[in-house]
Amino acid sequence: MSGDTTSNSDDDRPLASSSPVKGVNGHLNGKNPDYSDVEMDDDDGDEDDIPLSQTRRASVLPPRRYLKRKKAAVSESSSDDDTPLASSPPKQSSTAVRMPGAVVATTVPVSVAQRNGLKKQVAVKEGPSDDEESIQTPVKKKPPRKRVKNEGSGAGASKPSRKRKVKVESDVELSDDDDDDKPIAKASAKKVKNEDTESSSEDDKPLATPSPQKAKDGFGEDLSKSKKKATKKKVEEDKANGKGKRKAKKEEEDEEVYRWWDINIKEDNTVKWITLEHSGVCFPPPYEVLPSNVKMKYDGKEVDLPPASEEVAGFYAALLETDYAQNNTFNKNFFEDWKKVLENHPPRNDVQITSFAKCDFRPMFEHFEAEKARKKAMSSAEKKELKKKKEETEAKYTACLLNGRKEKVGNFRIEPPGLFKGRGEHPRTGALKFRIRPEDITLNIGKDAPIPIPNMPGKWKAVQHDNTVTWLATWTENVNGNHKYVFLAAGSSLKGQSDMIKFEKARELKKHVDRIRNNYTSDLKSKVMAERQRATAMYFIDKLALRAGNEKGEDEADTVGCCSLRCEHVTLEPPHFIIFDFLGKDSIRYYNRVQIDPQVYKNIKIFKENKDDDDSLFDRVNTSGLNKHLNSEMKGLTAKVFRTYNASITFQRLLDEANLENASLQEKHNAYNKANRLVAILCNHQRSVPKTHDQSMEKMRYKLKALRYDRMKLRHALFGLDLKYKKQAKFREDDDESDLELDWIATHEENLKAKEIEKAEKRFAKDNEKLVEDGGKPQKDLILKHKIENIEREFKQLESERGKETATLKTSKTAEKIIEQIEKATEKIKTCKLQMMDRDEGKEVALSTSKINYLDPRITASWCKIHDVPIEKLFSKTLLTKFPWALEVDEDWKF
DNA sequence: TTTTGAACTTAGCACCGCTTAG
DNA sequence: CTAAGCGGTGCTAAGTTCAAAA
């Protein structure tokens, strides 16, 4: 651990971010210390023009950002003195960094008009290539982008999305034709049944399943072909050496496995399916009114709510004991929306509800709790029965028919109504999420497929047949106007294919990454502001795996990513450190202090000059421009590919680096998890510390101490046998024991005694039971008493030995035996310590996110083969079904 | 252009059922 | 056998990306 800063600034690997530690704070601050230094190594004196363009200050900011930031507990650290750069612009910048051409600009707040004038100067000044960009004005008007998506209810029925040009059949055929001589056809809908070998399936391109495959399978090009061969070979091998058997068996269970990965996947798969049949979506059951004795109170009086408003009240009541109920925004939004419902469905007993504070939802809450308890208390048979019923009603929704093959559907259950649970400081959190009806839902389904009947009264909003998209149903959620979709499950071929394409794209980046890095490294010194900023942003995206960072609207939580970073989110610390502190996706805090390239350091300093805290750091960069540029570096490259690439390549490297010669299974597993964890830290995948964490740490600490105690006793006993051992270093008291205070020992021995006694009593009782059962009579109580007395005596003895270096063991042993035990104890202590550290370090790191989304599963699969680890140890069942395409790689496969 | 829309991936958390320690 | 603790899953929010609309 530790590695706070960046021990490894090796150029080509992501900086290990210091774990998401909180505190740290080693900000040296002080006023711009060594500027000279920074300047120094700058061979190109091109600074001057940069700041210039920089000077315009934003100004247009909606004040809210500012306020908001202030609140956001995040940036406490970076108070005034740490940020010498940002705060008082003119003062420093003008003096410290002198830039001839720019003086005017920097010292004087520049108006638009001036800017234009300046621009000219600037351009001239630094060499020929100055371009428009460097001058351009309105830096940062933050687009008051307000997405007023709203009530999706509008009429605008569904025109078959106007997405990418919808390629249609003709197109399909086309691609078919040209790119394959032969194999495609055969490859197409090959259903591999258990024993079905290649040879046989070779020719029976089953027309049964609509020949569709052709359309989309068929990858492209070189790569695909060789790859396919490889896979095939592999399969044969497996069969040969017996693994085949296992596989065959598995497949038997699944009936047919569609091995789409044996077929070439086209990168351009605009057409997603040829035929599609499904049963639509499953609506939640209607609201059931509460028993008449359960009523909320208003101002102490019971309120008789009609179902509609009772339901909403219930949504809130259920959350009474959660943090949501402590959140003012949440309460406000809920109450406002609830009042709207109340207007149309007022209490039947004429209570006027106007004050949130007077509402008492407790009775409802308690009723829910009771219900929960009741459910929990049901016999397991009843539970099973219930579960079975549910499964039956849902059965038809769980799968669909895609190109004639059965595929699992993902989220076929329509989200029940409730209160919107926005994360972080979401302005809309707590708002009422309406019940979705068929009228809200657009279905997407094959032309010839029967149109499903909704399981609640109503008619679909629309039914379309767009085979260029993968969703089965969609609706617009009322709170934020976001679109929701029903997609296939993660294990489906469609998802699998795009997953595989994703990782292949990331692997492709390997071939270009050196070049791209060279390019942006030299762009770090570009005279064009926009390029310089872009290069700097790319540096962060690459080295730190930051997200792209789109602009966000006013009615969303204030979170940022790379492009949307504001000055307040980064603090420079001489000589070459930067501290990031901002809220990212899901309002998860990203805190990282890292050493950065001196040029980047210098750039950031420049970018921050003359800006306010709430001004955009990269005012000339946005995600679409960035991605456009990335795409020009490599086809299909976007910011997120870097995350995938860096996560996977790092993972591969870490695994390769681990020395696992004759390691135990457990050790291998640990090594794997460690690599996984480092990646998770890189990607800042956090989780909230488990509620029981402190407690379980405490337990482990105690256990550790107890182990130390045991070893101490053993040592003492050894000395009792022969003092010569006392001289040997390995039996000397080590630090481990130094914290065994007498107090603690006393308590511990007390505990041990209590346990012993309890055990004795239990055994006594049990023995008696047995005796009675066998027709005998129970032992006398006296026996137990004796036993207990014995124990007491034992512990008296221990007590007398406290603080002394003597010990009597219960059973006398030889020195060898004791030594052996000591060694064992030492080992145990070590393991326990490791376990503790592991647990503690991992308490806020979520491993699963990277496993599911960022780590190429083939890395794991091949690693398992190399190290003979059953993959089930590392991949859960869902992961295994998600990655069937990855499990067959051979062991020399590398990301 | 810039903004909005659409579609798809990525994310953390609550809850549940299965182990596992006791 | 029971309670606790844990990983796995379902849920749905919150991102990214690309392309059409304004």
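In what follows, chains carry the letters A, B, and so on, assigned in the order in which the sequence lines appear, proteins first and then strands, with residues in each chain numbered from 1.
In this view, A/His693 satisfies the ring pair (Phe, Tyr, Trp, His ring centres under 6.0 Å) rule with no residue, not counting sequence neighbours.
A/Asn550 comes within 4.0 angstrom of a nucleotide base, judged by non-hydrogen atoms across all strands. In this structure, A/Lys376 reaches neither bases nor backbone, as no heavy-atom distance under 4.0 Å exists between it and the strands shown. Counting any heavy atom pair closer than 4.0 Å across all strands shown, A/Thr623 reaches no nucleic acid atom. When heavy atoms are screened at a 4.0 angstrom cut-off, A/Phe487 is found touching base atoms of the nucleic acid.
Both A/Lys703 and A/Lys495 sit near DNA chain B, but only A/Lys495 has its closest nucleotide nearer the 5' end. Projected onto DNA chain C by closest heavy-atom contact, A/Ile852 and A/Gly561 fall at different nucleotides, the more 5' of which corresponds to A/Ile852. Between A/Phe875 and A/Pro416, the residue whose closest nucleotide on DNA chain C is further toward the 5' end is A/Phe875.
Note on A/Lys635 versus A/Glu508: no salt bridge recorded, every NZ/NE/NH1/NH2 to OD/OE distance being 4.0 Å or above.
With rounding to whole Å, A/Leu583 atom CG is found 14 Å from C/dA14 atom C1'.
Checked against B/dA6, C/dC18, B/dT9, the side chain of A/Tyr485 finds its nearest nucleotide in B/dA6. When each of B/dC8, C/dT16, C/dA13 is scored by its nearest atom to the side-chain atoms of A/Ala548, the top-ranked nucleotide is C/dT16. Candidate nucleotides C/dT9, C/dT17, B/dC8 were compared by shortest atom distance to the side chain of A/Thr878, and C/dT9 ranks first.
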Expected rows: protein N/O vs nucleotides 11-17 of chain B N/O, under 3.5 Å:
{"unit_1": "B/dA11", "atom_1": "OP1", "unit_2": "A/Arg547", "atom_2": "NE", "d": "3.4"}
{"unit_1": "B/dA11", "atom_1": "OP1", "unit_2": "A/Arg547", "atom_2": "NH2", "d": "2.8"}
{"unit_1": "B/dA11", "atom_1": "OP1", "unit_2": "A/Arg643", "atom_2": "NH1", "d": "2.6"}
{"unit_1": "B/dA11", "atom_1": "OP1", "unit_2": "A/Tyr854", "atom_2": "OH", "d": "3.0"}
{"unit_1": "B/dA11", "atom_1": "OP2", "unit_2": "A/His685", "atom_2": "NE2", "d": "3.0"}
{"unit_1": "B/dA11", "atom_1": "OP2", "unit_2": "A/Tyr854", "atom_2": "OH", "d": "3.1"}
{"unit_1": "B/dA11", "atom_1": "O4'", "unit_2": "A/Lys585", "atom_2": "NZ", "d": "3.4"}
{"unit_1": "B/dG12", "atom_1": "OP1", "unit_2": "A/Gln686", "atom_2": "N", "d": "3.0"}
{"unit_1": "B/dG12", "atom_1": "OP1", "unit_2": "A/Gln686", "atom_2": "O", "d": "3.3"}
{"unit_1": "B/dG12", "atom_1": "OP2", "unit_2": "A/Thr849", "atom_2": "OG1", "d": "2.9"}
{"unit_1": "B/dG12", "atom_1": "O5'", "unit_2": "A/Gln686", "atom_2": "O", "d": "3.4"}
{"unit_1": "B/dC13", "atom_1": "OP2", "unit_2": "A/Ser688", "atom_2": "N", "d": "2.9"}

Write out a two-atom table: protein N or O, nucleotide N or O from nucleotides 1-5 of chain C, distance below 3.5 Å.
{"unit_1": "C/dG5", "atom_1": "OP1", "unit_2": "A/Lys699", "atom_2": "NZ", "d": "2.4"}

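OP1 or OP2 of C/dA13 has not a single side-chain nitrogen or oxygen of A/His426 nearer than 4.0 Å.
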